[in-house]
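Basis for what follows: all heavy atoms, side chains included, without hydrogens, waters or symmetry-related copies. Chain letters run A, B, ... following the sequence lines, proteins first, then strands; residues in each count from 1.
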Protein chains: 4
Amino acid sequence: MATKDDSNRNNKKQLKLNSMFDAAYELFVTKGVNETAIDDIVKKAGVAKGTFYLYFKDKYDITDQIVLGESTLILKEAMHATMKEGIDNFIDATIFFIDHVIEHFKNNKKQLKLMYKNLSWGLYRKAIADPNNYTEMRELAELVFNNIEGSGVKREELDKTMFMVIELTGSVAYSSIILEEPAPIDEMKPILFKTIRKMLG
Amino acid sequence: MATKDDSNRNNKKQLKLNSMFDAAYELFVTKGVNETAIDDIVKKAGVAKGTFYLYFKDKYDITDQIVLGESTLILKEAMHATMKEGIDNFIDATIFFIDHVIEHFKNNKKQLKLMYKNLSWGLYRKAIADPNNYTEMRELAELVFNNIEGSGVKREELDKTMFMVIELTGSVAYSSIILEEPAPIDEMKPILFKTIRKMLG
Amino acid sequence: MATKDDSNRNNKKQLKLNSMFDAAYELFVTKGVNETAIDDIVKKAGVAKGTFYLYFKDKYDITDQIVLGESTLILKEAMHATMKEGIDNFIDATIFFIDHVIEHFKNNKKQLKLMYKNLSWGLYRKAIADPNNYTEMRELAELVFNNIEGSGVKREELDKTMFMVIELTGSVAYSSIILEEPAPIDEMKPILFKTIRKMLG
Amino acid sequence: MATKDDSNRNNKKQLKLNSMFDAAYELFVTKGVNETAIDDIVKKAGVAKGTFYLYFKDKYDITDQIVLGESTLILKEAMHATMKEGIDNFIDATIFFIDHVIEHFKNNKKQLKLMYKNLSWGLYRKAIADPNNYTEMRELAELVFNNIEGSGVKREELDKTMFMVIELTGSVAYSSIILEEPAPIDEMKPILFKTIRKMLG
DNA sequence: GATGAATGAGTCTTCATTCAT
DNA sequence: GATGAATGAAGACTCATTCAT
């Protein structure tokens with residue numbers, strides 16, 4: 001049985017962990033990952049340096065965890081919104097989903113920067129490999145996008161096409177939101193969506 | 001009038017410069033930019049450390065120059081090849097051009113890595129701003145791609161669409177050549193090209 | 001009277017202690033003392049870090065205890081073997097004894113390394129100071145080597161000479177077994193024994 | 001041609017180097033190698049930390065150089081003294097030589113500690129491998145000890161026996177000078193020398 | 001007795017940049 | 001212009017030890 005002592009201790013533990021996550025996130029987003037020293041993180045979090053190494057292998061460990069966690073949140077949120085919308089067409093649902101994510105990043109430019117520079121497919125592959133994790137996400141994805149019929153793309157090409165859709169969206173979102181290049185995101189969106197429709201149509 | 005001494009001096013200067021460029025390129029490509037110290041560069045180039053700072057502001061200065069120079073070379077080459085092909089249809093020409101670049105990087109994976117991580121639109125913007133520079137490139141581009149009629153995209157949307165084509169190509173090339181994700185480049189190419197045709201059609 | 005609870009507790013205590021000894025010995029022998037952190041020991045032993053400090057002052061405390069314990073075992077064993085041999089000549093007995101120890105270390109190179117680097121006369125002095133301890137060993141030594149007549153060395157010089165014999169044996173064994181320097185132990189042995197005979201003769 | 005500038009610079013370089021050697025030696029001898037941080041060395045030497053790494057790979061690099069350098073000095077000195085003595089008998093010369101070294105260490109206990117803990121045959125092997133180095137030493141050794149006839153040891157066993165003599169001397173010197181164990185060096189010497197005579201006789 | 005989270009001083013190492021020559 | 005010795009701030013990481021529970 002878990003005693004009151006144990007739970008107290010675990011609470012404290014979680015508190016420390018959270019304060020490190022928060023501090024790191026804040027710093028990564030404002031100064032960038034490379035410009036953030038572990039010293040900065042622990043000072044901001046109010047813990048000792050050793051504590052950091054108690055929980056993380058190095059800076060890239062905490063970076064990965066943060067990026068993965070945040071991106072999961074964003075994706076889940078977008079899926080929930082898409083589901084709630086009750087769109088029964090695959091392409092429309094995809095566009096709605098993408099729009100939702102883009103809108104999120106329009107309001108979180110710094111976060112976008114962090115995600116874009118530090119999120120890799122490899123990271124996702126590793127995360128998904130753990131079956132305990134990500135069951136909810138997989139279930140969600142199935143619910144939202146299972147209606148494959150809506151796409152004109154052949155089944156065997158759909159995965160690769162979806163990969164391209166995602167990569168394209170990422171590139172365009174990053175470039176237009178962060179650099180306003182070649183145009184601000186709101187000018188890019190219609191063309192992006194038109195393109196995506198063509199890709200999936 | 002330039003004296004013989006002057007030209008000797010200039011030759012020597014150019015020699016030093018070149019040896020630094022060569023050394024840096026070699027190191028960047030093998031070890032990566034971040035893992036290369038300026039010390040490594042000057043040692044390999046056979047010049048003194050101070051000499052580096054005579055010619056470059058810092059490591060990112062020389063990185064930019066190298067990346068820009070190499071990418072210009074690659075693009076020019078691809079344009080020449082496309083021109084020589086004498087394709088009179090815009091989409092076909094674009095596809096041929098892209099294929100040429102992809103093939104180049106298939107044989108130069110390490111270079112692709114370097115370019116992808118260090119080439120930014122900002123860099124190009126700065127470079128193109130100098131009118132002396134890049135006249136040849138602009139002329140080439142005009143010769144190769146001036147036949148806009150071939151595209152079904154509206155004139156006012158063409159720039160943005162081309163931007164997307166380039167971004168998509170970059171993403172897919174990098175991912176499939178370097179990481180073989182989601183599939184090796186040769187499996188991705190047909191779908192990529194089909195997609196580009198849709199985008200421009 | 002010792003209750004059953006007491007003995008249970010003592011058993012548990014002894015178990016923890018043993019697992020720490022075993023873990024430390026294993027690690028010292030494979031990685032070396034300096035390269036072994038207390039963290040390694042407790043993890044391997046399956047006890048908490050605090051527990052270590054309940055039983056040992058620091059790493060050198062457990063090192064000393066291990067080294068002393070192991071060396072005592074080895075010496076006792078060699079004495080028993082020598083006794084069993086029933087050699088009635090002091091020099092022959094000594095040589096037999098030394099040979100036994102050398103053979104042991106030939107088969108336990110890593111242990112030899114640990115012992116040689118961490119066994120000091122000071123350690124022995126401290127241990128022997130406790131009269132409770134080492135009575136068995138003293139008795140054994142007397143039984144085995146009491147027949148002093150066999151040596152040509154003057155009584156008052158014998159202790160010092162024996163000290164030299166031991167030091168020489170240690171040096172030579174370590175060097176020739178671990179480093180094969182200046183020659184492998186089997187080449188060194190005849191000369192070592194001839195030398196020892198000269199020293200004691 | 002070396003300019004005045006060059007030599008000035010080299011002088012300064014040598015000055016820094018020497019101050020590091022001196023500082024390190026002083027600290028190693030007083031606090032021990034393990035207890036000396038590189039920080040201590042550079043602070044004492046009055047140079048920047050980077051300067052240390054300009055000249056040495058790590059602490060063990062400078063340790064090796066110091067130990068090797070000092071030991072070479074001591075040996076050369078002892079050889080010169082032995083030569084000057086004009087002893088024509090191998091054993092007598094050896095004893096004289098060893099006595100000289102022991103006397104040196106009697107007056108430099110801390111140095112003995114440093115040497116004993118950090119001098120290894122491996123170190124010597126590496127140093128002697130460089131032919132430029134150590135020619136003087138080899139020549140000296142030949143001059144001093146070439147008269148092999150004085151020894152009763154068979155030629156093929158002499159090397160190994162000399163190795164033992166050296167190891168024994170080292171062990172006894174260290175133990176009796178530093179720990180006065182089993183007796184002070186002056187009590188040990190006659191017996192040590194008698195033993196060495198037996199070994200070589 | 002036992003635990004293990006937390007500590008933070010200590011240590012090594014790198015490297016961009018300067019500047020006297 | 002060229003050199004390269006010197007710098008020292010900056011950063012990563014370790015680990016013996018403590019102590020509240």
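For DNA chain F, each stem of at least three Watson-Crick or G-U pairs (distances under 3.5 Å) is given as range with range: E:2-21 with F:2-21.
Rounded to whole angstrom, the span from the CG atom of C:D39 across to the C1' atom of F:dT18 amounts to 14 Å. Going from atom CE of A:M20 over to atom P of E:dA5 covers 12 Å, rounded to whole Å. Rounded to whole Å, the distance from CG on B:D61 to P on E:dA16 is 14 Å. Nucleotide E:dT7 holds its C1' atom 16 Å from the NZ atom of A:K13, rounded to whole Å. Nucleotide E:dA6 holds its C1' atom 10 Å from the NZ atom of A:K12, rounded to whole Å. Computed from coordinates, the C:Q14 CD to E:dA2 C1' distance equals 16 Å when rounded to whole Å.
Residues satisfying the side-chain contact (heavy atoms from CB on, under 4.5 Å) criterion with C:A23, sequence neighbours excluded, are C:I41, C:K44, C:A45. The side-chain hydrogen bond (donor to acceptor under 3.5 Å, both in side chains) test applied to D:T30 returns no partner, not counting sequence neighbours. Residues meeting the side-chain contact (heavy atoms from CB on, under 4.5 Å) test with D:A127, sequence neighbours left out: D:L68, D:Y134. D:D58 is linked by a side-chain hydrogen bond (donor to acceptor under 3.5 Å, both in side chains) to nothing, counting only residues two or more places apart in sequence or in another chain. In this structure D:S71 satisfies the side-chain hydrogen bond (donor to acceptor under 3.5 Å, both in side chains) test together with D:Y124, sequence neighbours excluded. For D:Q111, the side-chain contact (heavy atoms from CB on, under 4.5 Å) partners two or more places apart in sequence, or in a different chain, are D:Y25, D:E70, D:I74, D:H104, D:F105, D:N108, D:M115. Applying the ring-ring contact (aromatic ring centres under 6.0 Å, His included) test to A:F52 and every residue at least two apart in sequence or in another chain returns A:F56. Residues satisfying the side-chain hydrogen bond (donor to acceptor under 3.5 Å, both in side chains) test with D:D40, not counting sequence neighbours, are D:K31.
Shown for residues 46-58 of chain D: residues whose heavy atoms fall under 4.0 angstrom of DNA chain F, namely D:V47, D:A48, D:K49, D:G50, D:T51, D:L54, D:Y55. Proximity of residues 26-37 of chain B to DNA chain F (heavy atom under 4.0 angstrom from any strand atom) is not detected for any residue.
Along DNA chain F, the nucleotide nearest D:K16 and the nucleotide nearest A:I38 are compared for position; the residue whose nucleotide lies closer to the 5' end is D:K16.
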Just distance, no hydrogens or angles: give the donor-acceptor pairs under 3.5 Å from side chains in residues 32-39 of chain B, sequence neighbours left out.
residue, atom, partner, partner atom, Å
B:T36, OG1, B:G32, O, 2.7
B:D39, OD1, B:K49, NZ, 2.7
B:D39, OD2, B:K43, NZ, 2.9

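The two atoms that bring A:Y55 and A:D61 nearest to each other are O-OD2, 4.2 Å, heavy atoms only.
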